[in-house]
**Q** 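The structure under discussion is supplied below as structure tokens; questions concerning it will follow.
Order of the sequence lines fixes the chain letters, A, B, ..., with proteins taken first and strands second; residue numbering starts at 1 for each chain. All values below come from the heavy atoms of this structure, side chains included, with hydrogens, waters and symmetry mates left out.
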2 protein chains.
Amino acid sequence: MSHTLGARQAQKQKTRQAFLDAALALLEEQSLSSLGLREVTRAVGVAPTAFYRHFRSIPDLGVALVDEALGSLHPMVRETVSTTGDSEERISRAVELIAHYVAAHPSHVRFIARERHGGVQPVREAIGGQLARFADEVRVTLAQDPGAAGWSDDDVLMLARLYVDQMLISASLFLEALERPADERDRVARLATRQLRLITIGRDHWLD
Amino acid sequence: MSHTLGARQAQKQKTRQAFLDAALALLEEQSLSSLGLREVTRAVGVAPTAFYRHFRSIPDLGVALVDEALGSLHPMVRETVSTTGDSEERISRAVELIAHYVAAHPSHVRFIARERHGGVQPVREAIGGQLARFADEVRVTLAQDPGAAGWSDDDVLMLARLYVDQMLISASLFLEALERPADERDRVARLATRQLRLITIGRDHWLD
DNA sequence: AATTCCAGAGAACAGTTGTTAACTGGATGA
DNA sequence: TCATCCAGTTAACAACTGTTCTCTGGAATT
């Protein structure tokens with residue numbers, strides 16, 4: 001088992017994290033395809049060549065950022081969508097999860113929204129892969145719900161994708177509302193709630 | 001009235017269009033915030049300084065591209081969403097509109113998807129403004145529909161935004177499917193159709 | 001026919017970029 | 001204790017960037 005790392009490895013991970021943090025901060029106001037290697041090392045306070053000790057390239061760093069941003073979110077999503085509670089309760093759980101995550105990690109959310117369709121292929125693919133995982137996790141959870149009786153597998157996945165996409169749209173709206181008066185955030189929360197509610201109503205009558 | 005332009009103005013507009021075309025082609029594989037002025041002029045085949053005769057800056061060119069990509073789409077959307085035909089008919093009209101537009105102007109669609117959350121503020125704002133216009137146009141059309149009786153204005157706008165966002169998601173999926181076997185495009189079309197159908201079912205039972 | 005206008009060219013500027021190679025010095029393991 | 005390792009440094013490279021000022025030659029105006 002991996003016990004406590006030597007002082008050597010510990011320092012390396014610390015520097016690596018500094019790279020990720022600095023890059024994320026710089027990406028608040030530009031996109032990954034314009035982020036320079038020297039720009040990042042300058043922000044960290046190390047020599048340009050130190051970069052290569054941690055990442056092969058800027059796209060490589062971007063992929064690491066995708067994991068940092070979305071990797072820890074899977075258990076939270078599974079728990080939030082789980083079948084405990086009625087649908088209205090699950091909707092408000094979901095909206096609150098998004099609101100809190102955006103408030104706690106705004107620059108990660110911005111990064112994902114920006115690079116999902118951004119100019120760097122490996123990063124687009126990493127994000128696409130993570131979102132597909134989310135959709136599949138939601139699909140599995142939905143399939144366990146008694147309301148999914150009589151649904152085709154394909155339709156359950158269709159619904160799961162709809163939910164996931166809706167989450168992302170709401171996250172992006174919360175992000176825009178972050179640097180604005182608090183009542184703006186409430187409006188976004190109410191909008192997101194009603195949209196999820198409408199989708200859920202459509203789900204309830206899908207088999208009519 | 002603006003009659004036929006002199007040979008002078010005509011040539012200028014031609015060069016301007018060459019800038020827009022070249023930029024759009026370059027933006028297939030990078031994002032606007034990394035697009036260089038010299039890169040564009042090199043692709044057009046003119047001196048770097050010629051750029052300033054047409055645009056103040058690269059973001060300025062980006063805003064022009066937003067208008068080119070979305071400006072002509074408003075009448076089409078209005079016609080497609082209009083209240084003629086039953087809802088199933090309107091859904092297939094909408095899906096076909098998107099499929100055709102993506103097939104006819106793939107790089108414009110890619111540009112919008114990429115820069116909607118991209119690193120260049122004026123361009124983000126221009127896209128946001130156009131999307132808000134679409135949502136409002138859909139809202140007005142929906143409000144005319146008898147099915148909207150008893151709906152609050154806010155809820156109609158909520159639904160309109162849901163439709164517009166859904167259009168964009170579908171457009172992005174069509175784009176990914178473009179360079180793939182034809183049956184992939186059919187799958188996207190069927191997915192988009194079913195998602196719109198589910199939303200419409202939710203709409204029909206909203207007031208229950 | 002003479003004058004004004006202006007899209008585009010040309011040259012030069014100080015800064016920036018990614019990548020290479022060879023190095024230093026403290027932690028690591030024998 | 002001594003040899004090895006390796007995160008980070010230093011120096012140098014050719015190539016590129018946006019922006020300035022000055023100039024040119026054909027179209028537009030008088």
Side-chain angles (χ1 to χ4, degrees), chain A residues 1-23 25-27 29-65 115 118-123, chain B residues 1-23 25-27 29-65 115 118-123:
Chain A
M1 300 289 98
S2 68
H3 44 56
T4 47
L5 306 77
R8 190 78 179 257
Q9 294 286 326
Q11 174 57 34
K12 181 169 184 182
Q13 290 219 2
K14 215 170 178 180
T15 308
R16 186 190 138 99
Q17 190 59 47
F19 273 117
L20 293 174
D21 294 346
L26 290 166
L27 288 170
E29 285 168 352
Q30 60 183 314
S31 42
L32 191 67
S33 80
S34 70
L35 183 67
L37 178 155
R38 296 181 99 105
E39 202 179 350
V40 181
T41 56
R42 198 183 309 129
V44 173
V46 296
T49 47
F51 182 87
Y52 295 104
R53 299 287 176 196
H54 301 272
F55 307 97
R56 200 187 304 268
S57 63
I58 290 285
D60 196 38
L61 180 151
V63 171
L65 276 176
E115 301 304 330
V120 182
Q121 202 196 33
V123 173
Chain B
M1 303 281 97
S2 69
H3 45 55
T4 48
L5 303 78
R8 191 78 179 259
Q9 294 287 326
Q11 175 55 34
K12 182 169 184 183
Q13 290 219 2
K14 216 169 176 178
T15 307
R16 187 190 137 98
Q17 189 59 46
F19 273 117
L20 295 175
D21 294 346
L26 290 166
L27 288 171
E29 285 168 352
Q30 61 182 313
S31 42
L32 191 68
S33 82
S34 70
L35 183 67
L37 178 156
R38 296 182 99 105
E39 202 178 351
V40 182
T41 57
R42 198 183 309 127
V44 173
V46 296
T49 48
F51 181 88
Y52 295 104
R53 299 288 176 193
H54 301 273
F55 307 97
R56 201 186 302 269
S57 63
I58 288 285
D60 196 37
L61 180 151
V63 171
L65 276 176
E115 301 304 329
V120 182
Q121 202 195 32
V123 172

**Q** Taking protein heavy atoms under 4.0 Å as touching, what does nucleotides 24-30 of chain D look like 5' to 3' if B marks base contact, S marks sugar-phosphate-only contact and - marks none?
**A** --BBS--

**Q** Just the rounded figure in Å: distance from C1' of D:dG8 to NZ of A:K14.
**A**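 Distance check: A:K14 NZ to D:dG8 C1' gives 16 Å.
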
**Q** Without decimals, in angstroms, what is the distance between B:F55 CZ and D:dT19 C1'?
**A**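 Rounding to the nearest Å, CZ of B:F55 and C1' of D:dT19 are 18 Å apart.
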
**Q** Checking A:R53 now: which residues fulfil side-chain contact (heavy atoms from CB on, under 4.5 Å) with it, not counting sequence neighbours?
**A** none

**Q** Give the dot-bracket string for DNA chain D, reading 5' to 3', where a pair is Watson-Crick or G-U wobble with both distances under 3.5 Å, ( ) marks pairs inside the strand, [ ] marks pairs crossing earlier ones, | marks a partner on another strand, and . marks unpaired.
**A** ||.|||||||||.||||.|||||||||.||

**Q** Do any N or O atoms of the protein come closer than 3.5 Å to N or O atoms of nucleotides 15-19 of chain C, and which pairs are they?
**A**
{"residue": "C:dT17", "atom": "OP1", "partner": "A:R42", "partner atom": "NH2", "Å": "3.2"}
{"residue": "C:dT17", "atom": "OP2", "partner": "A:R42", "partner atom": "NH2", "Å": "2.6"}
{"residue": "C:dG18", "atom": "OP1", "partner": "A:L37", "partner atom": "N", "Å": "2.6"}
{"residue": "C:dG18", "atom": "OP2", "partner": "A:L37", "partner atom": "N", "Å": "3.3"}
{"residue": "C:dG18", "atom": "OP2", "partner": "A:R38", "partner atom": "N", "Å": "2.9"}
{"residue": "C:dG18", "atom": "N7", "partner": "A:R38", "partner atom": "NH1", "Å": "2.5"}
{"residue": "C:dG18", "atom": "O6", "partner": "A:R38", "partner atom": "NH1", "Å": "2.9"}
{"residue": "C:dT19", "atom": "OP2", "partner": "A:Y52", "partner atom": "OH", "Å": "2.7"}
{"residue": "C:dT19", "atom": "O5'", "partner": "A:Y52", "partner atom": "OH", "Å": "3.3"}
{"residue": "C:dT19", "atom": "O4", "partner": "A:R38", "partner atom": "NH1", "Å": "3.3"}

**Q** So, does B:T15 use its side chain to make a donor-acceptor pair with the main chain of B:Q11 at under 3.5 Å?
**A**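 Checked: pair present.
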
**Q** Can you find a pair of side-chain heavy atoms, one from B:T49 and one from B:T41, that are under 4.5 Å apart?
**A** no

**Q** Report yes if the side chains of B:F55 and B:L37 come closer than 4.5 Å at any heavy-atom pair, otherwise no.
**A**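 Side-chain contact under 4.5 Å: no.
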
**Q** Look only at the side chain of A:E115 and the backbone of A:V123, and say whether a donor-acceptor pair between them is shorter than 3.5 Å.
**A**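 No; judged by distance alone, with no hydrogens or angles, the pair does not exist.
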
**Q** Under the rule for ring pair (Phe, Tyr, Trp, His ring centres under 6.0 Å), what residues qualify as partners of A:F19, not counting sequence neighbours?
**A**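 With sequence neighbours excluded, A:F19 shows a ring pair (Phe, Tyr, Trp, His ring centres under 6.0 Å) to A:F51, A:H54, given in chain and number order.
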
**Q** Sequence neighbours excluded, which residues qualify as side-chain contact (heavy atoms from CB on, under 4.5 Å) partners of B:D21?
**A**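 Per chain and number, B:D21 pairs via side-chain contact (heavy atoms from CB on, under 4.5 Å) with B:Q17.
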
**Q** What distance separates B:L26 CG from B:L35 CG, expressed to the nearest 0.5 Å?
**A**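 Atom-to-atom, B:L26:CG and B:L35:CG are 6.0 Å apart.
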
**Q** Between B:T15 and C:dG8, does any side-chain N or O lie under 4.0 Å from OP1 or OP2?
**A**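 Yes, because at least one side-chain N or O of B:T15 sits under 4.0 Å from OP1 or OP2 of C:dG8.
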
**Q** Can you tell me how far P of D:dG18 sits from CG of B:L61, to the nearest Å?
**A** 12 Å

**Q** Is there a side-chain contact between B:V120 and B:P122 (heavy atoms, below 4.5 Å)?
**A**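 Yes, at least one pair of side-chain atoms sits under 4.5 Å.
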
**Q** Distance check needed: D:dG18 P versus B:R53 CZ, whole Å only.
**A**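 It is 18 Å, rounded to the nearest whole Å.
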
**Q** Given atom CZ of A:F19 and atom P of D:dA7, what is their separation to the nearest angstrom?
**A** 12 Å

**Q** So, do B:Q30 and B:E39 sit near enough that their side-chain heavy atoms are less than 4.5 Å apart?
**A**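 The answer is yes, as the side chains (C-beta and beyond) meet within the 4.5 Å cut-off.
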
**Q** Would you say B:S34 and A:S34 are linked by a side-chain donor-acceptor pair, where the criterion is simply a distance under 3.5 Å?
**A** no

**Q** For the pair made of NZ in A:K12 and P in D:dG8, what is the distance, rounded to whole Å?
**A**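 For the pair A:K12 NZ and D:dG8 P, the rounded distance is 8 Å.
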
